[in-house]
Amino acid sequence: NPCMENRDDNVVERKFGPGCSDTPGVSHLPRIDPLLWVGNEVSAAHGTYDVVISTVMPVDKHGCPAPQLTTHSVMFKDGQGNETKRGIEVARRCIFEGVAHVANAIAAGKRVLVHCAWGQNRSCAICCAFAVLHRGLPAYDAISYVRERNLAERSYHGQQPPGGAMHNKAFRQIVVDMQCERDAALVGSRVTATEVSTRTVVEAKTVEEEHLNSRIRIEGQYAWSYKINAHGRRYRKGLQQDYTSKAWIGQD
């Protein structure tokens, strides 16, 4: 294939990686919205969509880069949960941008595909964030749902825990933060926002136990407790739940 000969080793490896081995490589998310799909880099070439939101370059049925399939490009990296602080900031901004594109397209009655390379982390994070911000779902309900649909509609090596949809803990936390900020804005109460944050961590424990079956300790899961500083401005302090020792660990 002449297209494959012109691609670098990383792209070739990614094309034949486990997350791209299934076609059409897509999951429908009707509980979030009947017009929403999430998929991998080949999905746009194997379906009919009005709007395609790409976090990586899509490829056609022959494995060639196909930028013409993209409607909106929202490129950011998936660090597999090892993102730097800067990487998290970029991911958060791009997820917000992706959510805006999804919301506008669905409001216009258009069929929307959000895709990344394997259809697991970047694309699922945008769909989960849309569910939280525009459909009112709790963060971990949205995360559980996209995992469920991924397992039900796709089949590839590396799909099961600890891999699979939304296994990037940094992206999960971004979605959780969005829920906490949404709920805090709705209730307008410092105390209630703290209670909401605590409840979100408990939800995280339940979902992660279901996802990983025997894993009790959840690493890197944060909730945000809202405080008022001496100047009357709201700031947030991270809390991490250690489910092994049942101890709260404050994060600066």
Side-chain angles (χ1 to χ4, degrees), residues 1-29 35-84 86-106 108 110-130 146 149-150 153-159 163-168 170-171:
N1 186 326
C3 293
M4 297 302 296
E5 292 174 1
N6 291 328
R7 300 175 74 184
D8 62 42
D9 291 340
N10 290 333
V11 176
V12 172
E13 182 181 359
R14 180 163 56 85
K15 171 65 180 80
F16 291 103
C20 298
S21 63
D22 65 318
T23 56
V26 68
S27 302
H28 190 201
L29 304 175
L35 295 174
L36 184 60
W37 284 260
V38 62
N40 63 18
E41 67 181 5
V42 305
S43 298
H46 289 83
T48 303
Y49 306 99
D50 301 310
V51 172
V52 174
I53 300 166
S54 301
T55 66
V56 299
M57 176 77 72
V59 299
D60 63 20
K61 294 180 180 180
H62 304 289
C64 300
Q68 71 277 8
L69 296 175
T70 296
T71 309
H72 301 289
S73 178
V74 186
M75 303 290 186
F76 62 106
K77 296 180 179 180
D78 177 5
Q80 304 292 308
N82 296 313
E83 280 76 5
T84 63
R86 172 62 177 165
I88 291 173
E89 292 172 354
V90 170
R92 178 182 170 87
R93 183 172 67 249
C94 290
I95 289 169
F96 267 119
E97 181 182 346
V99 167
H101 290 313
V102 172
N104 290 336
I106 287 178
K110 297 180 178 180
R111 291 165 55 91
V112 181
L113 169 70
V114 185
H115 83 88
C116 54
W118 290 8
Q120 296 192 132
N121 286 322
R122 285 166 285 193
S123 54
C124 286
I126 290 173
C127 292
C128 288
F130 172 79
V146 299
R149 299 320 306 156
N150 174 277
E153 299 187 52
R154 298 182 59 192
S155 180
Y156 56 89
H157 178 68
Q159 185 180 20
M166 289 298 287
H167 68 266
N168 184 319
F171 291 176

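Only a predicted model underlies this, so the values are computations on that prediction, with no experimental measurement involved. Any value given below was found using the heavy atoms of this structure, including those in side chains, with hydrogens, waters and symmetry copies removed.
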Item checked: Main-chain N/O of Thr48 paired to Arg111 side chain as donor or acceptor, under 3.5 Å -> yes

Check: Which atom names give the shortest non-hydrogen contact between Leu113 and Gly39, and what distance separates them?
Finding: CD1-N, 3.7 Å

Checklist line | Heavy-atom side-chain contact between Val52 and Pro58 under 4.5 Å | finding: no

Item checked: Nearest atoms (heavy-atom pairs only) where Ser155 meets Asp22 -> O-CB, 3.4 Å

Next item on the list: Examine distances only and state if a side-chain atom of Thr55 and a backbone atom of Val74 form a donor-acceptor pair shorter than 3.5 Å.
Entry: no

Next item on the list: Kindly indicate whether the side chain of Thr71, heavy atoms from C-beta on, has any atom under 4.5 Å from the side chain of His101.
Entry: no

Notebook entry, point to check: Do side-chain atoms of Asn168 reach the backbone of Gly81 as a donor and acceptor pair under 3.5 angstrom?
Noted result: yes

Note to self: Checking side-chain polar atoms at under 3.5 Å, does Gln68 have a donor or acceptor matched by the opposite partner on Asp60?
What the structure shows: no

Check: What distance do His167 atom NE2 and Asn121 atom CG have between them, rounded to the nearest 0.5 Å?
Finding: 4.5 Å

Notebook entry, point to check: Do Arg149 and His28 come close enough that some side-chain heavy atom pair is under 4.5 Å?
Noted result: no

Check: Taking C-beta and beyond as the side chain, do Val26 and Tyr49 meet within less than 4.5 Å on heavy atoms?
Finding: yes

Checklist line | Min side-chain heavy-atom separation Glu83-Asp78 under 4.5 Å | finding: yes

Check: Looking only at heavy atoms, which two atoms of Ile106 and Leu36 are closest? And how far apart?
Finding: CD1-CB, 4.3 Å

Notebook entry, point to check: For the atom pair SG (Cys116) and CZ (Phe76), what is the distance rounded to the nearest 0.5 Å?
Noted result: 8.0 Å

Next item on the list: Indicate yes or no: at least one non-hydrogen side-chain atom of Val146 is less than 4.5 angstrom from one of Val38.
Entry: no

Notebook entry, point to check: Do Val56 and His115 come within less than 4.5 Å of each other through their side chains, counting heavy atoms only?
Noted result: yes

Next item on the list: Look up atom SG in Cys124 and atom CE in Met166, then write down how far apart they are to the nearest 0.5 Å.
Entry: 7.0 Å

Next item on the list: Any chance you could lay out the side chain to side chain contact (heavy atoms under 4.5 Å, CB included) test for Tyr156 and Gln120, step after step, and finish with the verdict?
Entry: CA-CA 12 Å; Tyr156 56 89; Gln120 296 192 132; 2.6 Å; yes

Next item on the list: Please round to the nearest 0.5 Å and tell me the distance separating atom NZ of Lys77 and atom OG1 of Thr84.
Entry: 9.5 Å

Next item on the list: Could you tell me the separation between the CZ atom of Phe171 and the CZ atom of Arg122, rounded to the nearest 0.5 Å?
Entry: 7.0 Å

Checklist line | Beyond-backbone contact of Pro67 with Met57, side-chain heavy atoms, under 4.5 angstrom | finding: yes

Check: Which atoms form the tightest heavy-atom contact between Gly98 and Ile53, and what is the distance?
Finding: O-CD1, 4.0 Å

Checklist line | Approximate separation, where rounding is to 0.5 Å, of Gln159 CD and Asn150 CG | finding: 4.5 Å

Notebook entry, point to check: For the residue pair Ala105 and Val112, what are the closest heavy atoms and their distance?
Noted result: CB-CG2, 3.4 Å

